[in-house]
Amino acid sequence: MTEGTTSAAAEGADTLTRLEQEGEIAADYLEGLLDIADLDGDIDMDVEGDRASVSIVSDAGGRDLQKLVGRDGEVLEALQELTRLAVHRETGDRSRLMLDVAGYRAKKRTELAELGAKAAAEAKSSGSPVKLNPMTPFERKVVHDAVKAAGLRSESEGEEPQRFVVVLPV
């Protein structure tokens, strides 16, 4: 191995270790929260791409966990921010940790990818920009990725919380 390859591998290992540490801190924080709220759930940790991913899952169908999702994922978004703050407090570094509860985000990601693909197809066939409804940053990111995968370009416009995606034709 060359010196550049060795340092790149070491840097990758350092990043993986840091992301795993973020996941551990987040899991501890969330386990404490579940105990306080008297909710049953198991914590799954993973590293996806360049961020730690933590999921709260339940064998009982997750009915109780829906309280942690809230209407349109509002409670989940807030819980994710609190968890990121807990990680930041421990590490001193900003976290991009992604939290899922009872598979809500995974299901939402699938729906949004389909929406992005449909909007891209519409923009291709009509030759006109397609404006979508306002979305959270997570939702916009999934749509942007789907549009890019379809070979088109998209932009976010507007101000939070009314920021939305515009899919641009070729």
Side-chain angles (χ1 to χ4, degrees), residues 11-120 132-150 154 156 158-165 167:
E11 187 176 303
D14 288 347
T15 299
L16 180 62
T17 301
R18 182 181 51 81
L19 293 175
E20 288 172 344
Q21 179 190 18
E22 283 186 18
E24 291 288 339
I25 294 166
D28 290 344
Y29 176 79
L30 293 166
E31 284 174 355
L33 180 86
L34 289 173
D35 286 345
I36 290 168
D38 196 28
L39 295 173
D40 289 327
D42 295 321
I43 310 289
D44 288 340
M45 294 178 299
D46 198 7
V47 173
E48 295 177 6
D50 60 347
R51 64 175 60 188
S53 176
V54 179
S55 299
I56 302 174
V57 295
S58 173
D59 294 334
R63 207 170 172 98
D64 281 348
L65 293 181
Q66 290 305 314
K67 298 171 187 172
L68 298 178
V69 173
R71 191 185 78 208
D72 297 326
E74 290 173 340
V75 175
L76 174 57
E77 289 290 331
L79 185 57
Q80 177 175 277
E81 285 309 308
L82 289 171
T83 305
R84 285 177 174 177
L85 286 171
V87 171
H88 176 72
R89 185 184 68 225
E90 292 288 322
T91 65
D93 295 326
R94 182 178 173 274
S95 174
R96 295 182 59 233
L97 176 126
M98 186 63 68
L99 176 64
D100 193 5
V101 175
Y104 175 83
R105 241 187 245 281
K107 180 180 171 198
K108 191 77 171 171
R109 182 178 279 126
T110 301
E111 293 169 0
L112 290 165
E114 290 173 9
L115 175 67
K118 286 179 186 175
L132 301 175
N133 291 329
M135 299 177 188
T136 66
F138 160 76
E139 293 169 335
R140 290 193 309 270
K141 169 81 168 98
V142 173
V143 171
H144 285 305
D145 289 348
V147 169
K148 184 177 180 181
S154 58
S156 291
E159 298 294 322
E160 294 291 352
Q162 296 300 312
R163 199 153 167 79
F164 59 95
V165 174
V167 180

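Atoms considered below: every heavy atom in the structure, side chains included; atoms not considered: hydrogens, waters and symmetry mates.
Atom CD of Glu159 has 12 or fewer neighbouring heavy atoms from other residues, nucleotides or ligands inside a 6.0 Å radius.
Proximity of Ser154 to Arg140: side-chain heavy atoms (C-beta onward) are nowhere separated by under 4.5 Å. With a 4.5 Å cut-off on side-chain heavy atoms, Lys108 and Phe138 count as touching. Contact of the Thr83 side chain with the Val54 side chain is not registered, since no non-hydrogen atoms from C-beta on lie closer than 4.5 Å.
A donor-acceptor pair is defined here as one N or O able to donate and one able to accept, closer than 3.5 Å; such a pair exists between the side chain of Arg163 and the backbone of Gly158. Here the side chain of Ser55 pairs no donor or acceptor atom with the backbone of Val57 at under 3.5 angstrom.
Closest non-hydrogen pair, Arg96 versus Arg84, comes out as O-NH2, 3.5 Å. Considering every non-hydrogen atom in both Ser58 and Leu65, the closest pair reads CB-CD1, 3.5 Å. Closest heavy-atom contact between Ala113 and Val142: N-CG1, 3.8 Å. Nearest heavy-atom pair, Ala146 versus Gly116, reported as atom, atom and distance to 0.1 Å: CB-CA, 4.0 Å.
For Glu90, there are no salt bridge (Lys or Arg N to Asp or Glu O under 4.0 Å) partners at least two apart in sequence or on another chain. Applying the salt bridge (Lys or Arg N to Asp or Glu O under 4.0 Å) criterion to Lys141, with sequence neighbours excluded, gives Asp145.
From Gln80, atom CD reaches atom CE of Met98 across 5.0 Å, with rounding to the nearest 0.5 Å. With rounding to the nearest 0.5 Å, the separation of NE2 in His144 from OG in Ser156 is 3.0 Å.
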Exercise for the section: Before giving the answer on side chain to side chain contact (heavy atoms under 4.5 Å, CB included), spell out for Arg105 and Glu77 the whole-Å C-alpha distance, their side-chain angles and the decisive distance to 0.1 Å. Expected result: CA-CA 10 Å; Arg105 241 187 245 281; Glu77 289 290 331; 3.1 Å; yes
Which pairs would a plain distance check flag for residues 19-46, meaning a side-chain donor or acceptor within less than 3.5 Å of a matching protein atom at least two apart in sequence or in another chain?
unit_1, atom_1, unit_2, atom_2, d
Glu22, OE1, Ser95, OG, 2.9
Glu22, OE2, Arg18, NH1, 3.2

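Exactly one of Leu76, Val75, Ile56 qualifies for a side chain to side chain contact (heavy atoms under 4.5 Å, CB included) with Tyr104. That residue is Leu76.
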